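Structure in structure tokens, see below.
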Amino acid sequence: MDDLAVQRGERILFSKLSARVVAGEAVALTGANGAGKTTLLRVVAGLTAPLAGTVRFEGVRGDLPNDDARREACHLVGHQDGLKGARAAGAELEFQVLWTGGDRASAEHAAARMGLTRLLNLPVRVLSAGQRRRLALARLIASPRALWLLDEPLSPLDAESRRLFGQIMGEHLARGGLILAAVHDPLPIPARQIRVGA
Amino acid sequence: MDDLAVQRGERILFSKLSARVVAGEAVALTGANGAGKTTLLRVVAGLTAPLAGTVRFEGVRGDLPNDDARREACHLVGHQDGLKGARAAGAELEFQVLWTGGDRASAEHAAARMGLTRLLNLPVRVLSAGQRRRLALARLIASPRALWLLDEPLSPLDAESRRLFGQIMGEHLARGGLILAAVHDPLPIPARQIRVGA
Amino acid sequence: MFAALANPLRFMAFSRWAAPILGLAALLLTGAGLTLGLSAPPDYQQGDTVWIMFVHVPAAWAAMLAYGCLGGASFISLVFRHALADQAAKAAAPLGAAFTGLALVTGSLWGRPMWGAWWVWGDARLVSVLVLFLLFLAYLALRASIDDEAKAARAGEILALIGLINLPIIHFSVEWWNTLHQGESILRPGGPALAPVYLLPLLLTGAGYSFAFGALWLARTRAEVWRRRATALALQAALR
Amino acid sequence: MVLLRRELALAWARGGGPLLALGFFAAAVVMLPLSLGPEPARLARVAAGAAWVLLALASLLSLDRMFEPDFEDGALDLLSLGPLPLEAVAAVKCLAQWLVTGAPLALAAPIGAIALGAKPAAAPIIAAAAALGGLAFAFLGGAGAALALASRRGGLLIAVIVLPLLTPPVIFGGAAIDNFQNGLPWLTPFSLLAAYALAAAALTPFAMAGACRNAAS
Amino acid sequence: MVLLRRELALAWARGGGPLLALGFFAAAVVMLPLSLGPEPARLARVAAGAAWVLLALASLLSLDRMFEPDFEDGALDLLSLGPLPLEAVAAVKCLAQWLVTGAPLALAAPIGAIALGAKPAAAPIIAAAAALGGLAFAFLGGAGAALALASRRGGLLIAVIVLPLLTPPVIFGGAAIDNFQNGLPWLTPFSLLAAYALAAAALTPFAMAGACRNAAS
Ligand code: HEM
Ligand SMILES: Nc1ncnc2c1ncn2[C@@H]1O[C@H](COP(=O)(O)OP(=O)(O)OP(=O)(O)O)[C@@H](O)[C@H]1O
Ligand SMILES: Nc1ncnc2c1ncn2[C@@H]1O[C@H](COP(=O)(O)OP(=O)(O)OP(=O)(O)O)[C@@H](O)[C@H]1O
Ligand SMILES: [Mg+2]
Ligand SMILES: [Mg+2]
């Protein structure tokens with residue numbers, strides 16, 4: 001599946017930004033604080049309406065309407081991870097995975113891959129920042145979707161987890177996946193860089 | 001003011017950790033995810049009770065009881081910044097500064113230093129991750145306290161802000177301040193490193 | 001007509017003269033209706049107080065008309081994304097609240113001599129009008145509590161549409177429940193059942209109130225259009 | 001369905017489960033005679049109506065947290081990217097809220113009313129009215145909660161939006177129960193209540209989805 | 001004081017300000033007769049008591065968000081590191097809650113009761129009882145909210161913790177108003193209410209501070 005994103009004039013943040021991301025490609029969005037990286041990711045995910053311009057998803061499933069294609073194609077992991085502090089980590093992961101189209105076995109496998117197996121019974125609230133981010137990232141592996149929209153995915157991770165997640169991103173790209181990541185530090189994989197904002 | 005921290009046996013996380021931080025010194029706490037860095041910071045701030053061991057504050061104000069000395073000495077800035085999304089950034093900063101012993105003028109000055117002046121009328125909710133962190137950090141400058149407890153302070157900041165905050169930390173140390181920061185990336189200032197956990 | 005007026009420029013040109021003309025017509029009609037109404041003979045049942053009818057009933061009609069306009073404008077704004085429709089909706093709400101308040105106050109002033117009580121809890125007509133009033137207030141409160149203009153507009157549209165359910169309830173309440181309130185005497189199958197001495201002035205004031213609402217509505221919408229133009233200009237200036 | 005399971009768990013935690021909703025209702029039922037004084041005659045007359053109002057108020061208590069937490073922590077974004085449209089998600093949320101608080105309250109309402117002195121024969125109609133009313137309250141309350149999202153003043157703003165909308169079912173339900181007890185025709189208000197509740201369940205999901213999208217964008 | 005100013009602003013936003021609290025109360029007052037049926041005599045008898053119960057319920061509506069947001073977003077940590085002990089912080093929070101919702105409701109309560117048919121002469125005592133009751137409700141509700149923090153099931157759990165505690169003031173206040181209306185001695189229940197409210201205001205801050213520390217550690 002490949003992917004064309006055209007996007008212009010989102011508020012006063014940035015305008016006439018156009019880009020095309022193709023299968024197997026990773027793009028690192030950089031830019032100063034407040035430049036609009038997070039906003040751009042939300043626009044691509046269809047959560048925020050752009051002032052002008054469109055985001056088009058052109059894939060093998062070209063028959064689907066754009067919005068359905070988007071819903072089936074995107075994973076968004078940001079600071080707001082949607083995990084409920086009071087529920088068990090395992091239950092939350094399972095819901096997120098099932099909801100985005102995976103199954104129970106893949107959720108377990110993803111948790112193991114992310115080194116979370118021991119923590120699945122704990123309430124999300126007691127997890128450390130890095131453990132929690134790993135839990136949020138686990139659904140990327142567990143339910144396969146083509147486009148990963150990541151907002152500063154690596155920052156709370158320790159060195160070991162960063163290496164691991166770099167490897168996971170590499171595998172995703174090798175399978176023909178796409179990654180759009182807002183970052184301040186370079187990604188551990190080769191990525192085209194797009195600067196957002198002035 | 002100098003500062004002695006002895007701390008042992010917080011759950012099963014770490015034990016027999018002892019350290020002494022003296023005036024003008026920065027300590028970088030490192031360790032894997034879940035090692036207990038955040039917990040240690042909260043123990044030092046007196047928000048979490050240690051299983052065993054004590055944290056002692058020995059300063060010029062040695063006459064104060066330990067808890068009062070702690071309350072007057074610590075600034076804690078973590079992921080949870082206590083900023084209310086619905087209130088104006090300026091109002092929130094002002095409250096935090098006044099509450100921790102600063103005044104209105106110093107709050108304004110700190111906002112200017114952090115490049116936030118233009119944003120003070122916006123609700124906190126619309127700020128970007130980096131802008132919001134800068135707002136949280138601004139109270140460190142505005143209300144002078146000796147010990148800064150920082151939990152991954154730099155991660156959402158852009159390169160420019162990191163440089164700026166490095167400089168601010170340097171000034172704090174030069175004034176005899178102390179910094180205890182949990183980090184995964186090296187701090188932009190010379191710092192003694194303490195590894196937490198196994 | 002709506003399609004033609006959707007263009008803000010054309011709307012401004014139209015409303016520039018339409019608002020004062022409507023206002024004038026409203027004054028004339030209401031004046032004529034009230035003169036006729038006040039000179040009508042006292043009702044055998046209601047006595048002198050019948051004159052309140054010419055204030056109360058048109059106010060109630062105008063209140064319902066205002067909510068209908070709010071709902072219609074909200075619908076157009078939601079479906080066709082016309083900024084003008086949103087401005088019209090926003091402009092209609094306080095007017096509607098005012099007319100509803102007038103209907104409530106005059107109704108309870110009338111209720112005192114007629115029913116022996118200012119207010120009767122449990123009368124579906126009275127309460128559904130109170131609900132209308134609360135809905136207007138809720139609409140205003142909701143819009144006022146959202147800073148972002150576009151979001152406030154969307155939220156307001158949705159609330160206005162949900163509230164439309166109340167209009168038929170108000171109108172049919174006298175049929176569905178045994179109420180103290182007067183039954184349908186004008187808009188009813190079989191034609192009006194009201195003596196012409198009362199009917200004519202009632203219809204005149206009814207038209208007058210409706211025109212008054214129309215005039216004020218156009219004027220407030222114009223003001224809202226101007227206000228938004230001003231903020232847009234200020235924003236542009238700030239950006240430059 | 002997976003979403004329903006999650007929403008049930010969340011509604012459970014939010015309201016503290018049916019036990020707690022019932023506890024609230026029971027405590028309120030206890031408080032009413034306490035503040036009215038013990039005269040049974042006085043009580044019996046208002047029993048069914050009071051139980052009915054308390055029910056509406058009890059079902060308001062946890063409504064304001066139906067969408068807000070999901071909005072704040074980004075779960076709403078996740079839900080938007082799932083297989084179902086937001087309309088369906090909103091409907092499931094309301095359904096879960098109703099199952100967890102409305103349904104047990106519907107069972108408790110006749111008991112409370114009888115404890116306050118209503119005629120036992122009225123129990124089935126009170127329960128049916130409460131069940132339908134609870135449905136209307138959950139869906140209309142959800143609409144209010146979703147609309148208040150963008151404004152960030154929860155709690156009572158929701159109450160202000162929702163109460164006018166709740167008034168018609170309260171009238172219908174109250175009238176049905178009252179007429180039944182007094183031997184008057186009760187079917188008309190009852191079917192109006194049912195129509196209102198079903199219309200609310202059918203239409204408000206669109207309002208909720210629109211309001212959520214609006215707040216998130 | 002800076003903390004009071006902030007807490008007032010937050011309580012305002014939380015409850016949507018006194019206007020909205022009043023709106024809720026007004027709407028509830030409207031709903032009660034609707035479901036009871038219109039007979040004025042029936043209403044008048046229960047008016048004062050019902051107004052009083054509705055008041056207690058209205059003051060419960062936004063209580064559950066008194067500590068929870070501050071706990072979730074880390075503001076409680078900041079408050080712990082300020083110049084005042086947490087006990088004082090908790091007291092100020094409750095005071096702000098009372099000023100924003102309790103005090104205006106105390107003014108509205110007699111109006112609502114009279115609208116429902118209570119004797120106008122009872123207005124001062126209703127207002128006084130409502131003010132004292134509101135104080136008790138705010139502090140006891142705050143204690144419930146703080147205790148519920150660690151357990152993370154807000155809403156109705158708070159109601160369940162709090163309602164038993166609220167029952168005595170409801171009884172005392174109801175008795176004071178009732179006795180007054182019927183020409184019985186009302187001073188005893190009224191002073192019991194006052195004593196209870198003041199004791200609550202004096203003691204619960206310690207409970208709240210303890211509960212907050214416990215939840216945060
Ligand atoms: C606060 C009290 C009252 C309220 C809120 C109220 C409300 C209304 C409303 C909304 C209508 C328009 C209904 C429609 O066209 O669908 C209306 C009509 C009318 N009202 Fe009232 N009313 C009140 C008191 C009274 C009283 C006390 C009387 C006289 C006994 C009265 C007599 C009428 C009459 C004669 C009409 C015209 C009925 C018709 O032809 O449809 N109202 N009122
Ligand atoms: N409603 C609004 N009114 C005014 N400005 C807004 C509004 N919403 C967002 N903004 C501005 O838009 C920008 C949002 O940027 P965004 O969160 O996309 O930044 P970012 O590139 O992700 O930054 P960071 O690196 O700090 O995460 C901020 O500057 C914010 O102040
Ligand atoms: N109540 C609890 N029960 C069991 N384990 C707990 C509890 N509370 C905390 N923990 C564990 O304690 C650890 C908390 O670590 P902490 O948040 O201090 O980590 P950290 O070093 O800051 O990690 P990170 O780098 O990810 O931020 C986690 O492993 C967490 O699972
Ligand atoms: Mg960002
Ligand atoms: Mg940490």
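Below, chains carry the letters A, B, ... as their sequence lines are ordered, and counting in each starts from 1. Not measured: the values here are computed from a predicted model.
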Engaged part of C/A150 at the chain D interface, taking heavy atoms whose separation is under 4.5 Å |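 Only the backbone of C/A150 comes within 4.5 Å of chain D.
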Rounded to the nearest 0.5 Å, how far does CD1 of C/I146 lie from CG of D/L149?
->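 The CG atom of D/L149 sits 9.5 Å away from the CD1 atom of C/I146.
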Qualifying residue for side chain to side chain contact (heavy atoms under 4.5 Å, CB included) with D/L165, from C/L134, C/N166, C/I162 |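 Of all the options given, the one that passes is C/I162.
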Residues in side-chain hydrogen bond (donor to acceptor under 3.5 Å, both in side chains) contact with C/S15, at least two apart in sequence or another chain |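 Partners of C/S15 under the side-chain hydrogen bond (donor to acceptor under 3.5 Å, both in side chains) test: C/R222.
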In chain order, what residues pass the salt bridge (Lys or Arg N to Asp or Glu O under 4.0 Å) check against C/R220, with sequence neighbours excluded?
->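 Here no residue qualifies.
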For atom CZ of C/F211, is the number of surrounding heavy atoms from other residues, nucleotides or ligands below 6.0 Å larger than 12?
->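 Not more than 12 within 6.0 Å, no.
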Would you say the side-chain atoms of D/N214 pair up with the backbone N or O of C/R154, donor to acceptor, closer than 3.5 Å?
->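 The answer is no, because no donor-acceptor pair under 3.5 Å joins these two groups.
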Looking only at heavy atoms, what is the nearest atom pair of D/L147 and C/L142, with distance?
->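 In this case the closest contact between D/L147 and C/L142 is O-CD1, 3.7 Å.
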With a 4.5 Å limit on heavy-atom distance, are the side chains of C/Y139 and D/I161 in contact?
->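 No, side chains not in contact.
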Keeping the roles fixed (side chain from C/K151, backbone from D/A215), state whether a donor-acceptor pair exists under 3.5 Å.
->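 Side chain of C/K151 to backbone of D/A215: a pair is present.
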D/F206 CZ to C/I158 CD1 distance, which is reported to the nearest 0.5 Å =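 Output value for this atom pair is 12.5 Å.
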Measure distances from C/L78 to the heavy atoms of chain D and classify the residue's part below 4.5 Å as side chain, backbone, both or neither.
->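 Answer is neither: C/L78 stays 4.5 Å or more from chain D.
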